[in-house]
Structures are given as C-alpha cells and as structure tokens.
*Asks:* 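Got a structure for you, questions after.
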Amino acid sequence: MIQSLLLSTLMFGALFSVLSISLNLQYARGGMINFGTVAYFAAGAYAYAIFTQEPPSGLDQYAFGFDLPWWAGFLAAGVAATLFALITGWPTLRLRGEYLALTTFAFAEVLHSFLLNERRIGNGSVGLANVERPDLSFFGLDEQIGYAVAACVLMLVTAWLFNRLLASPYGRLVDATRDDETAAEAVGKDTTRTRLQVFVISAIPIGFAGALYAMITTLVSPALFTAEITFFVWIALVLGGERTILGAIIGTMALVFFQELVRMIPFESVRSAQIAASVEEVLTGVLFIIVLRWQPWEKMKRRKGA
Amino acid sequence: MSDAILKVEGVIKNFGGFRAVGGPDGLTFNVPRGGFLGLIGPNGAGKSTTFNLVSGVLKPSEGRVVLEDKDLSDCKASDIAGLGLARTFQTPRAFPSLTVLENVMVGVSHTNEGPFSAMLGNWRQSDGELREKAQAALAKVGLHGHEDDEVGNLSGGELRMLEVARQLVREPKVFLLDEPTAGVDPTLQQKLASLLADLHAAGTTLIVVEHNLAFLLNLADRVVVLQNGALLAEGAPDEIRRNPDVVAAYLGADHEA
C-alpha cells in the first residue's frame, strides 16, 4: 500500500513537475503569467492520441487517426504544443500581467470547449479511449514502475535543459527582459522575440508531458483537461517557492503526495469518500493561504543568509 | 553640414492635444559626425521627449529622424540601438535581478546569446572576453570593485554611471546622455567629463542633455536650446551664453556660466 502510494506520487509528481518547471521558466524568469497551462498539456495529449490511434472505422466519430508508432506521437505532441504556443503567444504577448493571464485563460477555455463540441477531433465529450502506449515489458519492468521512470526522466531532462538555458547569456537576456524592457531595448535586445521564445520553449515539455499522461491514463477527454490542472500547477509552484527549479519540483511532489494520501484512505461509504474529496480541496486551499500569508520559504532563505 | 550623422527633420510629437515637441513647424536640427551637441532648455522643454523620439522609445507624430541616411520611422527601439545608437535615461534604468557586472554584460550583443547556444554551451569563450570588456567599462566610470554587488545597493549616482557603462561596452557611434551629472558627486563628474572628452576625441558623436551648464558648455562644440518643444537657439557655446533670448528663457539675467 505504501509502495503504491509512493509509486503514484513519483509518477504523477514527476509528470506535473514538468509543468511546474516550465511555468517557473515562463513566470518566475520570463515574467509572463500564463493561466492557460492546461491547453498545452491537452494539445500534447490529444496530438499523441490522434497520431497513434487507428483510422476511424464503423461508428467512430473522430476524423483522424494515423496509426503511427508511439515515438512519432510523442514528437507530434511537442510540435502541437509548440504550434499552440505560437498561435496563442504571438497575438497576446504584448499584454502584461493580469491581461496576459486573462487572455491565456480564455485561449485554454476556447480549446477546451472546442474539444468538447467538435467530435471530429477527439470524439467530443466522450474523448478517445484505449490510447496506444509503448510496451514496457521489453525492459522487464512493471508498467507502473516503467511509467514512473519515464516521468522522472522527462522531468530531469526538462530541469537539466532549462537550468542550462538560464545559466547562460540567454538567461541574462531573459532576466533583463523581465526586469526592464525599455532598458533592454536600449541595448539592442528584441524583447518581443525573447518573450515569445521563452513562451514557446516552456510550452514544449508541457506537450511531451501531455503525451506521457495520455499513455498513463490511456484516455484523453475534455473532462481530464480542465482549468483545475492549471491552478493545481500554479499552487504547486507557489508552495515550492518561485525562481528555483528544485523548489518547483518539491512543491509539486508535496502537493501530489498530499492528494494521493487522501485518496488512499479506505472509506466505508460513498458519502464519506465525497466528504474526503471536498476536505482535500479545502485543505489544499488552506495550505495555499498559509504559504502566501507567512511565506515560510522566504524566512528560511533569510535565516540561511543571516 | 553635409556629413550629418543624425538628422531630426520636422519632428512633431503630440500627446493627445498637447504638443510636447515640434512647436508650430516641427523640430529640425542636425548633428555632425563626431560632434558634441549640448541639448538644453527649461524643464518641460521637450529634451527627454526628443531623446525618446530619436531612440525609438516614442514614434514622431510627424516628421522623421534619420541616422546615417537611414530613416528610423519604421525601426523598433532595439533596431535603432543595433544601428549603433546608445542612450541613457533621465531616471536611470537597471536590471535589479542581475549583478552590476551582468548589467553591463547584457549591453553587448553576444553572438552566442540565443537559446540554442545556451543548450549547446558554446558561449563560454566569448562570454569570458565580454566579462573583461565589461570590467574595463566599469573601471572607466568608477565602479570597479562593485562587480558582484546587487544593483539595489548602488546609489543614484552610481546607477547613472552603471547605465553609462552598459552603453559604453557597445562602442556606440552616437551616444545620447540624459542628465548624466544629476546626483553624481564632483569627483565622479570630473571622471565623466574626461570620459566624454575621450569619447569625443575618439570620434563618437555625443548628444548630452544637462542642466549643469558649467559641465556641459566646456565640453560641447555646439548647443541646441529648446523651449516649449521648439528650437529657441542653436550655435556655439559662447554664442548661446550671450544670446538674449536664451538668457531670458533659461539662463536667467544674473547667470555666470
């Protein structure tokens, strides 16, 4: 029981860490508030499902299925997230702060209701079931362990690449662009291009994570990709403390562990399970407020510095 | 003045119904290559707005700015900076999350600055050279020893010098300085004066907005006086000192500049 708790925490914790690491780049370093994170995740998951599923037959309502191997679907997920980031970023990035937050949120909602109502893409509200996934028995691994390892690999590669990205002249450029665009322009930096680059670069791993999520759940449907995911990742990022990749990972792992823990509790009745689910959300909210109000990480950092 | 590096041609800037720069006929003046132009005038005369129009932070409502025969009307501020124009701001601007040295290093356009270079890691060598250049620029403005400081710990005058250093590493052709001596102590002002004289001698075109006329009129070889956004007078520093209009509008009757 403990083992399965730890395993699912590791699997989903690593998977959602990819999202919070990307958000960390986009928000804490790039200074862009993106409240549409789930859209890039969904774009990746749907692209993976569509590229790997069989062509429609019989009563299928979806129009596309390319029956390609898993790795092609995985790459398609990255491309889909990139394209969606370009489409949403190009017109919106001249907006700042809360305006950008609202617009990205609106784009995500547009994608969500499009997927919900357009049956030819992903079967509408039913979604695409039985998503193909690679056979991990080749490595002699249990499926669950295999996907936990895959999620960890994706998380570590993303963290490593983003760390490398920011510890370079490019990182300096990103920081300068966030700090003062006018001053950055005055030394010849194209801040519009830099912002779009950061926006797109940070969407790519989110797309890959979406593909992995589709493999794990073997189902993609609009109900799985709601704004709840966006806010879950934001809460994780705030819990872990902004600006550091490690903080983003720890915050996500802690939040996933907490949720998985509540789900582990055996309940006698449906009623008590429902109450527990509500209590879980309430507690997450309380935790969030406590961290915001007392900022324990800031205090720890100051104590270390003193 | 056939070899003008910068031409301001009939420029007008309106903010709503208010004409900040241009007066009735638009603002026109030329800056010769290698010249040292002083831009003076009372508060609100449009000096900083003129800088913003030349550097592309603002776009003229009418007229145009030409840098080395290139019309800047369709250029972004970053493109204009890329053409070799540098500027400082009246209120110094810095990047607070970078160290003093990094603030200067950001100034140079790095050939390996893009995201792919960052991933490949092929920026290290050129970045090392850049670091040395940035250190030299900091020494020129009296900020050596502050390399690893946080920008937030610098004083107002030091921030101003930091901004000068950030533009200096770019080796600009045309350098616009907006009140470079404001809040800067006398020792550093002298250092700045000799730095500007050196740049002038090396052929850099300089345009300086300054209320400290003792400082400016000793350095500049030509002065443009603005009042209410329009050109009030233009000439050599000595002519400007004696010009009765300038005395009345700006210098005051009992000036000893």
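Just so we're on the same page: letters track the sequence lines, and every chain starts at 1.
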*Asks:* Do you know which of B/P115, B/S97, B/G114, B/G107 has the most heavy-atom pairs with chain A at a distance under 4.5 angstrom?
*Replies:* B/P115
*Asks:* For the pair A/Y46 and A/F225, name the ring-plane relationship: parallel under 30°, tilted 30 to 60°, perpendicular over 60°.
*Replies:* tilted
*Asks:* Check whether A/I201 gets within reach of chain B through its side chain, its backbone, both or neither, counting any heavy atom under 4.5 Å.
*Replies:* side chain
*Asks:* In terms of heavy-atom pairs under 4.5 Å, which option from B/L130, B/L98, B/V108 contacts chain A the most?
*Replies:* B/L98
*Asks:* Heavy-atom distance under 4.5 Å to chain B: side chain of A/A167, backbone, both or neither?
*Replies:* backbone
*Asks:* Between A/F105 and A/F231, what is the ring plane arrangement, given parallel below 30°, perpendicular above 60°, and tilted in between?
*Replies:* tilted
*Asks:* Can you tell me which of B/G56, B/P172, B/A81 forms the most heavy-atom pairs within a distance under 4.5 Å of chain A?
*Replies:* B/A81
*Asks:* I'd like to know if the side chain of A/S20 pairs up with that of A/T252 as donor and acceptor (distance under 3.5 Å, no hydrogens or angles considered).
*Replies:* yes
*Asks:* Between B/R33 and B/E68, does any side-chain N to carboxylate O distance fall below 4.0 Å?
*Replies:* yes
*Asks:* May I ask you to decide whether B/D127 forms a salt bridge with A/R172, counting only side-chain N to carboxylate O separations under 4.0 Å?
*Replies:* yes
*Asks:* Where does B/V57 contact chain A at under 4.5 Å (heavy atoms): side chain, backbone, both or neither?
*Replies:* side chain
*Asks:* Tell me, side chain or backbone of A/R193 under 4.5 Å from chain B's heavy atoms, or both, or neither?
*Replies:* neither
*Asks:* Heavy-atom pairs under 4.5 Å with chain B: which of A/V174, A/T182, A/L161 has the most?
*Replies:* A/T182
*Asks:* For B/H200 and B/F36, take the angle between the two ring planes, folded into 0 to 90°, and tell me which bin it lands in: parallel under 30, tilted 30 to 60, perpendicular over 60.
*Replies:* perpendicular
*Asks:* I'd like to know which of A/A183, A/A184, A/P169, A/A186 tops the heavy-atom pair count under 4.5 Å against chain B.
*Replies:* A/P169
